[in-house]
Asker: 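Dumping the structure here so I can ask a few things about it.
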Amino acid sequence: MNQNIRLRFAKGGALRFIGHLDFQRVFMQTVTRAGLPAAYSQGFNPHILLSFALPLPLGMASINDYADIALAAPMAQEEIIQRLNAAAPAGLAIHEASPYEGKGAAAITTAAKYEFTPTTTLPPDACEKIMAMEALVVPKKTKSGVKDTDIRPDIFQLTHGETITMLLAAGSARFINPLTVAGQLAGQPPCPSTICRVQLYKSSGKELVAL
């Protein structure tokens, strides 16, 4: 039976500027170089059983991101971390490797926290104004094209401190791009490098807990 492992990792440096599919290939290459006993899919073109909780927008860094991998043979958590970090390219760091049961990270992710560092000074009440709105309608890309969409229900929390902290809906059921919210705060489209994803969450009752 495969051992299901959830990896907590950080992505930064030059890796911020490659797309999700390319990053997935980099991650698989790291697993191969590390010599992990990865389990593979069946079929004509087998691949490592690896999936990510939530793709990161191009140009953004992350502090706590998550990927699920299946191992064909059990391995100690510390050895997994050490091997992966020894084989990882600059910009990729594995922080934790934990066995898990049940649904994968992509299926249970419901929210994400971001830190936004504006390049211009924002009004001190910028966050409060948006949180006080009953609706915030913006053009949003959907499967059927661009539509005017009320994104206010997907903004859970905005806090103005040394940086802007944004807690937003994220996952397969509901998702709002942090660039959209940051643009509403700044009054103009922000550079992706000014935003960092710091944590992903799942729902536990009425509360959010880190993956």
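All residue numbers refer to positions in the sequence shown, counting from 1.
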Asker: Do Ile94 and Val198 sit in the same hydrophobic cluster, where Ile, Leu, Val, Met, Phe, Trp and Tyr count as joined when their side-chain heavy atoms come under 4.5 Å apart?
Answerer: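 Ile94 and Val198: separate clusters.
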Asker: Check whether any side-chain heavy atom of Asp65 lies under 4.5 Å from a side-chain heavy atom of Leu200, and answer yes or no.
Answerer: yes
Asker: Are any non-hydrogen side-chain atoms of Val31 and Gln29 less than 4.5 angstrom apart?
Answerer: no
Asker: May I ask whether Val138 and Ile130 are part of the same hydrophobic cluster, defined by side-chain heavy atoms of I, L, V, M, F, W, Y residues being less than 4.5 angstrom apart, directly or through others?
Answerer: yes
Asker: Could you check, using the six-membered ring where one of them is a Trp, whether Phe52 and Phe23 have ring centers closer than 6.0 angstrom?
Answerer: yes
Asker: Indicate yes or no: at least one non-hydrogen side-chain atom of Ile5 is less than 4.5 angstrom from one of Leu71.
Answerer: yes
Asker: Closer than 3.5 angstrom, by distance alone: can the side chain of Asp150 be matched with the main-chain N or O of Leu136 as a donor-acceptor pair?
Answerer: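 Yes: the side chain of Asp150 pairs with the backbone of Leu136.
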Asker: Are the side chains of Ile151 and Thr180 in contact, using a 4.5 Å heavy-atom criterion?
Answerer: yes
Asker: Quick one: does any side-chain atom of Ser62 pair with a main-chain N or O of Lys11 as donor and acceptor, under 3.5 Å?
Answerer: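 It does hold such a pair.
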Asker: For a 4.5 angstrom cut-off between non-hydrogen side-chain atoms, does Leu58 reach Pro192?
Answerer: no
Asker: Measure the CZ-CG distance between Phe9 and Asn85 for me, rounded to the nearest 0.5 Å.
Answerer: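 Atom-to-atom, Phe9:CZ and Asn85:CG are 12.0 Å apart.
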Asker: Looking at OH of Tyr40 and CG of Leu50, how far apart are the two atoms once the value is rounded to the nearest 0.5 Å?
Answerer: 10.5 Å
Asker: First locate atom CD of Glu96, then atom CD1 of Ile81, and finally report the distance between them rounded to the nearest 0.5 Å.
Answerer: 7.0 Å
Asker: Are any non-hydrogen side-chain atoms of Cys127 and Leu185 less than 4.5 angstrom apart?
Answerer: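 Yes - at least one pair of side-chain heavy atoms lies under 4.5 Å apart.
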Asker: Considering non-hydrogen atoms only, spot the tightest contact between Ala88 and Leu92 and give its length.
Answerer: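 Residues Ala88 and Leu92, closest heavy atoms: CB-O, 3.6 Å.
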Asker: For Met131 versus Leu158, what's the shortest heavy-atom pair and its separation?
Answerer: SD-N, 3.8 Å
Asker: So Pro190 and Phe116, do their side chains get closer than 4.5 Å, heavy atoms only?
Answerer: yes
Asker: Tell me every residue that passes salt bridge (charged side-chain N to carboxylate O under 4.0 Å, His left out) with Glu128, counting only those two or more places apart in sequence or in another chain.
Answerer: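 So Glu128 forms no salt bridge (charged side-chain N to carboxylate O under 4.0 Å, His left out) with any residue.
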Asker: So is Lys113 actually on top of Tyr201's ring, under 6.0 Å and inside 45° of the axis?
Answerer: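 Geometry flag: not set, cation outside 6.0 Å or 45°.
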Asker: Measuring only between side-chain heavy atoms, which start at C-beta, is Glu101 closer than 4.5 Å to Asn4?
Answerer: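 A side-chain contact under 4.5 Å is absent here.
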Asker: With side chain to side chain donor-acceptor pair (under 3.5 Å) as the rule and sequence neighbours excluded, what pairs involving residues 152-171 come up?
Answerer: Asp154-Arg174
Asker: Under the side chain to side chain contact (heavy atoms under 4.5 Å, CB included) test, which residues partner Thr121, sequence neighbours left out?
Answerer: none
Asker: Answer yes if Tyr66 and Met60 sit in the same cluster of Ile, Leu, Val, Met, Phe, Trp and Tyr residues linked by side chain heavy atoms under 4.5 Å apart, and no otherwise.
Answerer: yes
Asker: Which pairs count as side chain to side chain donor-acceptor pair (under 3.5 Å) when at least one residue sits in residues 12-25, sequence neighbours excluded?
Answerer: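 For residues 12-25: Asp22-Arg25.
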Asker: Considering only residues two or more places apart or on different chains, which pairs with a residue in residues 74-93 satisfy salt bridge (charged side-chain N to carboxylate O under 4.0 Å, His left out)?
Answerer: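 Checked against salt bridge (charged side-chain N to carboxylate O under 4.0 Å, His left out) - neighbours excluded - the pairs reaching residues 74-93 are Glu79-Arg83.
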Asker: Could you state whether Leu167 and Ile195 fall into the same hydrophobic cluster, counting links through intermediate Ile, Leu, Val, Met, Phe, Trp or Tyr residues with side-chain heavy atoms under 4.5 angstrom apart?
Answerer: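 As far as the 4.5 Å side-chain criterion goes, Ile195 and Leu167 are not connected within one cluster.
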Asker: Would you say Gln3 and Tyr100 are linked by a side-chain donor-acceptor pair, where the criterion is simply a distance under 3.5 Å?
Answerer: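 The criterion, which ignores hydrogens and geometry beyond distance, is not satisfied for Gln3 and Tyr100.
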Asker: Which distance, rounded to the nearest 0.5 Å, do you find between the CG of Leu168 and the CD1 of Ile155?
Answerer: 6.5 Å
Asker: Output all residues satisfying side-chain hydrogen bond (donor to acceptor under 3.5 Å, both in side chains) with Glu115, sequence neighbours left out; order by chain, then residue number.
Answerer: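 Not a single residue meets the side-chain hydrogen bond (donor to acceptor under 3.5 Å, both in side chains) criterion with Glu115.
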Asker: OG1/Thr30 to CG/Leu7 distance, rounded to the nearest 0.5 angstrom?
Answerer: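 Atom-to-atom, Thr30:OG1 and Leu7:CG are 11.0 Å apart.
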Asker: Please check if the side chain of Thr194 supplies one atom and the backbone of Cys191 the other of a donor-acceptor pair under 3.5 Å.
Answerer: yes
Asker: Following the transitive rule for hydrophobic clusters with a side-chain heavy-atom cut-off under 4.5 Å over Ile, Leu, Val, Met, Phe, Trp and Tyr, establish whether Leu56 and Ile63 coincide in one cluster.
Answerer: no
Asker: Nearest 0.5 angstrom please: Asn64 CG to His95 NE2, how far?
Answerer: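 Result: 6.0 Å between the selected atoms.
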Asker: When you measure from the side chain of Thr32 to the backbone of Met28, do you find a donor-acceptor pair of N or O atoms at a distance under 3.5 Å?
Answerer: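 Looks like yes, one N/O pair under 3.5 Å.
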Asker: Would you say the side-chain atoms of Asp68 pair up with the backbone N or O of Arg6, donor to acceptor, closer than 3.5 Å?
Answerer: no
